[in-house]
Q: 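Take this structure first; my questions come after.
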Amino acid sequence: MPAKTPTTPATENPPAEAVTPLIRGVAVLRELTTAGGTMSLSALERATGLARSTVDRIAATLARMGYVRLDGRDAVLAPPVMELGNAYLAALRLPALLSARADALADELDESVSLAVADRDGIRFIHQATRRRAMSLSFRIGDLLPAERTAPGPLFATEWTDADWTHWRTRRTTDPQDRTFPAVPPAPHTTPDEDFVRRTERAGADGWSLDDQLIEPGLVAVSVPVRDPRTGRIACVANVVSHTSRHTAADLRDTLLPRLATAVAAMEEDLRQAPPPEPGPPPAGLALWTGASKQELGREFVESLARGLTVLTAFGEGRAALTLTEVARATGLARATARRALITYDHLGLVTPTSDRTFTPTPQVLSLGFPPLSRTSLPHIATPHMTALTAHLHESTSLAILTETGEEIQYTARVAARHVMSVDLGIGTRAPATRTSAGRVLLGDAGSWGGGGDMDGDGDGHGAADRDGDSVGAADRHGAGTGDRPATGAGAVAGAGPSPYALTDEELEDGLRTIAVPVRDRTGRTVAALNVATHAARRTPQECVQDILPALTATASYIETDLHVASRFTRVPLT
Ligand code: PHB
C-alpha cells in the first residue's frame, strides 16, 4: 500500500463501530480539496491508498449525490458539496451575524478583512472580504493555517489547555515545515517554540496581535478577538491584512488597529443583540433518496457513505448542537445508522460531542470541498450544465449578463455545437440588449411559458434585471430562505409555474434564432440569461419553444441550484 499523504489526517485505529466507507469517502473529499478540486481517479487511488475499485465506487456515489462531477478520468468537486460547509457555517452563525461588518471595514480601509476560528492548533477562515491585489496570496474560506504563523494564532492560544500545547509541540516536531498545511508555503526555517509562547503572552496582555511576514515576505496582519458575550471566550478573530508596500506591521498597529477595534466592539454588540436563531427546515427525504439510488445503481452506490454524509446536513442555523435522536429525525435515518455516522465523524474530527449529549460540527467540515469552490464564478458553475445541454440539443448555448448601462449584454460563457454554420459569439462579446433574447430576459421583457407564452418575447415583464451588482451572495444572506436543495444529486426539478422566456427571430443577424431564460439568485433576482442559438433553417420558432425550452429551463434550474448553494456564504462573481 502506498504511503499516506501527509495532508490526510490519520485515520488509524477507528472505533469498532465506525463506518469504513464513510471514512474512505471523507478521505477522497479531503484529497480532492487539497488538490484544488480536481484529481484523476488514479491519483486519488495513490493518494488515499485505496483499491481502484473502491475509489470508483466512492466517486460514483459522490457523483450521484452531485458532490463531484466525473469528467473523463477526473473527479471534480461540484458546488453541491458546499452544503456540508454551509451546514457548519449556518450552525456557527458567526458569518451571518458578522460578515456585513467585516465587509464594511474592508471597504472603509481598502484592505482585506477576514474572520477566523480556532481549529485545534491552527486557525481556519470563515469569512474573507478580499481586495483584489496582485502582490500576495490571499486565503479562501475554509483554509487552515498553523497558529504560530498567523496574527490570530496567539490570541486563540491564550485559551489553550496544557493538552493543546502538548499537541502543538508534537506537531512542530513531526511537521517542522508545515506540510500538513497545504494552504501556506513551507516554513523557510524553524522558529523556536519560545517565540510563539512569548507572542501568546503579549497577545493576552495587549488584546491584539500582529503577523509580521510570518507566512510569506510582504504579508502583514493585525488581529483582534471577537468575544462571545455569554461566555467571554473568543468566538472568532477579526483580521486586517495588508502588504508591506502599503503598511508595515508597526504601521498597521498604529493606524488601522484602532479602527479594527471599533469594528470589533460593534460586532460584539451585534452578537449581544442577536435574536435567538431560527431553526431552518431539516433536509427532507434523504433516506428515501439513498434507498432509491441503491436500487438504481446497485453495487456502484455506496449507501452507507451517502447516508453518512447526509448526517452533516442535519446541522444548520438554530440546529448547532443536535442529539442522536434529533439527527435521526432530521435525516430520516435509523438511530443505529445515525449513531454510527456520528461515532465516525467524532473519530475523524468532523463533529465533537458537547456536554449535554449533543453533537456539534467542527470547523474541519470546511475541509470537505469548501476552499476551492468558495472561489467559483457563475460562468464556472454554468459551463458543465451548458455542456450537457449542448450535447443533448446539438445547439450552441451561451450565458449573458447585462452591462452597466443596461443597453448591452455581454456573453460570459459559451459552449459551441459543432455545426458548419454555427453562430460566433465569443466570451466577452457584446450585443444590443433589446435585439437579443438574453437581453430581453435581462431587461425583464420576457413572455411566460405554459401561460400562453408570447413567441415574440415582448410579453409581461417577468424577472427584473440587476444592473448594479457584479456578484451574487452575501447581501441576500438574511433575506432568502434556507431552501437549499436536499442532497438528492443532479436530479433537481424546475420549480412549478410558468417560466419566462424570450425568443428572437433573425433580428440580430439573418438566420439566427435564439431563445433565452433567466438565471436567478437566492433572492429571485435575475442575474444572467441562458440562451440557445440555432439556425433558422434548423428549427421554426414553434420548434424552438417545443423542443428547446423544456431542456433550457431545466438547465437554468440546475445552474440556479448550484448558484444558490455556492452563494450562501461566499460571493459568486457573475463574470
Ligand atoms: C488573511 O486573512 O489572509 C490573514 C489573516 C491573518 C494572518 C495572515 C493572513 O496572520
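Counting starts at 1 for both ligands and their atoms, in listed order. Computed from a prediction, not measured in an experiment: that's the story for all the values here.
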Q: Tell me every residue that passes ring pair (Phe, Tyr, Trp, His ring centres under 6.0 Å) with F139, counting only those two or more places apart in sequence or in another chain.
A: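 Listed in chain order: F125.
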
Q: Are E269 and R101 close enough for a salt bridge, meaning some N to O gap below 4.0 Å?
A: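 Salt bridge flag = no for R101 with E269.
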
Q: Salt bridge between E317 and R93, side-chain N to carboxylate O under 4.0 Å?
A: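 Salt bridge between E317 and R93, a charged N being under 4.0 Å from a carboxylate O: yes.
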
Q: Please identify each residue that fulfils side chain to side chain donor-acceptor pair (under 3.5 Å) with S374, with sequence neighbours left out.
A: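 Counting only residues at least two positions away or on another chain, S374 forms no side chain to side chain donor-acceptor pair (under 3.5 Å).
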
Q: Compare every heavy atom of C236 with every heavy atom of V117, then report the nearest pair and how far apart it is.
A: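 In this case the closest contact between V117 and C236 is CG1-CB, 4.0 Å.
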
Q: Quick one: side chain to side chain donor-acceptor pair (under 3.5 Å) partners of T38, sequence neighbours excluded?
A: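 Listed in chain order: nothing, the list is empty.
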
Q: Check ligand 1 for close polar pairs with the protein: N or O on both sides, less than 3.5 Å.
A:
unit_1	atom_1	unit_2	atom_2	d
ligand 1	2 (O)	S114	OG	2.6
ligand 1	2 (O)	Q128	NE2	3.4
ligand 1	10 (O)	A151	N	2.9
ligand 1	10 (O)	D211	OD2	2.7

